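Structure, as structure tokens:
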Amino acid sequence: MEQNYSLESVGDTATRDAVEARPDGKKVFVKTYGCQMNVYDSQRMSDALAADGYAPTERIEDADLILLNTCHIREKAAEKVYSELGRIRQLKQERGALGRETVVGVAGCVAQAEGQEILRRAPAVDLVIGPQTYHRLPMVVKRARGGEKIVETDYAIEDKFEHLPAPQRKVVRARGVTAFLTVQEGCDKFCTFCVVPYTRGSEVSRSVAQIVAEAEQLAEAGVRELTLLGQNVNAWHGEGADGREWGLGELLFRLAEIPGLDRLRYTTSHPRDMDDALIAAHRDLPSLMPYLHLPVQSGSDRILKAMNRKHTGDDYRRLIDRIRTARPDIAMSGDFIVGFPGETDADFEDTMRLIRDVTYAQAFSFKYSPRPGTPGADMDGHLPEDVKNERLQALQALLLEQQRGFAASLVGRKLDVLLEKPGRQPGQRVGRSPWLQPVIVDEKAGEIGDIIRVRITDAGSNSLFSEPVF
Ligand code: 5AD
Ligand code: SF4
């Protein structure tokens, strides 16, 4: 169940044909690790580089510029980057022997957290750039091509989004009918296990005007489903068009007015920032999808306190009740950590009980991984790997049972599916249910970008099967 959070995508190859190569024919290969925000950032970096003449390539060996957009959330994620850099060193040497220069860059949260250390550990790297300075990337790449080694990890005073070029319309189209839009970055919550407040900095919200303009551009280019992103997305706030202070709920009401944006989502949220306006948005906005990723991490009040979550298990249960009263068909998703320092069998049982009480349609679960510089890493009572493994297995078995139960409950029901891409088999398309499950649809039922009504005929382990309803 970890896969969505250790997602590795080779960035943005869909835009390859949409970006016109310049005569000097430079190519960039971007590999993305980690969360959806990194996927969005990789796209914005590709857009900035495209404006500078770099066309995306899927083939790393053809790339004049290799960028790894990295994740630091758990130790495994960070280590993967270093092993990839080992392979890239070899490739750089081979290209060098053929007289072809390769610039290697590390972006994202490992870049921010480790800075200079990356140049020491991985000599193939030419540039290290943190998430707050992506607008400087084209300039940094030019300097690296001139032979400089560069570490650019300060928190820029200027607004990077003001300086990043908007993607071209045809690039947006090539990326498909769903899109991400970062509205908020950083986190002030300081959960004791988490590196995010250190790698992404304190909470910053983008302005309503910037968000609305970007959402309108995306909709105009054919995007039907928009997912608002933020490390703590429901902490977003800003001055609204009416001069009042808005929260995410009010922002969603505004975005729902944009023609063409038929589906809205947001991720990731903190239980303490679910305010009344946001719950009202779930009640009143048909385009806000009935699916909510709301991590709780643990069901034990003692561990929640040690994690500095500032809520109890019952606070969370009551909150879910309020959300379900507002939107009865909402399906829940969450994140769980097992084996936090000091977690006893009884604490773990509390987590299992909370999962049974809430019932999740989907969830992500992780073994606690001590992150240098976070308070959790220095706590007493670290647990042995085998205890963590055992608990993770039990927890994942329960979550999988719930996920299958939810999928099975949809068989026989009619629902709306957004058609996203061709299927693996001829004659099929793949769409998304309101609850993010892939749905296999007959291609005659509609075109990519259509929202069509289907009846679910069967639930497989990863997707739903359907027949059109006319
Ligand atoms: N160890 C394990 N899991 C972690 N997460 C964040 N930090 C850690 C860590 N140190 C998980 C949390 C978070 C998700 C993005 O990753 O569950 O919600
Ligand atoms: Fe990390 Fe907690 Fe902030 Fe989420 S709310 S990004 S888990 S510190």
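Order of listing sets the numbers, starting from 1, for every ligand and every atom in it. In this text, all values refer to a predicted model and were calculated from it rather than measured experimentally.
Of the charged side-chain nitrogens involved, at least one lies within less than 4.0 Å of a carboxylate oxygen, so that D350 and R353 count as a salt-bridged pair. Salt-bridge formation is detected for the pair R87/E84: a Lys NZ or Arg NE/NH1/NH2 atom is positioned less than 4.0 Å from an Asp or Glu carboxylate oxygen. Salt-bridge annotation for R317 and D314: present, with a side-chain N of the basic residue lying under 4.0 Å from a carboxylate O of the acidic one. Between E216 and R254 there is a salt bridge, with a side-chain nitrogen of the basic residue lying less than 4.0 Å from a carboxylate oxygen of the acidic one. A salt bridge links K160 to E185: at least one charged side-chain nitrogen sits closer than 4.0 Å to a carboxylate oxygen.
Those atoms of ligand 1 that come under 4.0 Å of a heavy atom in D335, given as number and element, are 13 (C), 14 (C), 15 (C), 17 (O), 18 (O). Atoms of ligand 2 lying under 4.0 Å from at least one heavy atom of F193, given by number and element, are 7 (S). Close approach of ligand 1 to Q297 is summarised as follows: ligand atoms under 4.0 Å from at least one heavy atom of the residue are 12 (C), 13 (C), 17 (O), 18 (O). Interface atoms of ligand 1 facing R74, defined by a heavy-atom separation under 4.0 Å, are 1 (N), 2 (C), 3 (N), 4 (C), 5 (N), 11 (C), 16 (O).
Counting heavy atoms closer than 4.0 Å to ligand 1, residue K367 contributes backbone atoms (N, CA, C, O) but none from C-beta onward. Residue contacts with ligand 1 for F193 involve both N, CA, C or O and side-chain atoms from C-beta outward (heavy atoms, distance under 4.0 Å).
The distance criterion of under 3.5 Å between nitrogen or oxygen atoms is not met by Y368 with respect to ligand 1. For ligand 1, the polar-atom distance check finds no N/O of R371 at less than 3.5 Å from any of the ligand's N/O atoms.
Annotation: side chain to side chain contact (heavy atoms under 4.5 Å, CB included) contacts of A331 (sequence neighbours excluded): Y291, A361, F406, W435.
Ring-plane geometry between Y360 and Y316 is classed as parallel, the angle between the planes falling under 30 degrees on a 0 to 90 degree scale with a further cut at 60. The aromatic rings of F340 and F193 sit perpendicular to each other, their planes meeting at more than 60°, with 30° as the lower class boundary.
Results of the side-chain hydrogen bond (donor to acceptor under 3.5 Å, both in side chains) test with H237 over E245, E250, E203 single out E245 as the only residue that passes.
Protein-derived N/O/S atoms nearer than 2.8 Å to atom 3 (Fe) of ligand 2 total 1, waters excluded.
Side-chain contact check for K31 and N69: no donor-acceptor pair (N or O, by modelled atom type) lies under 3.5 Å.
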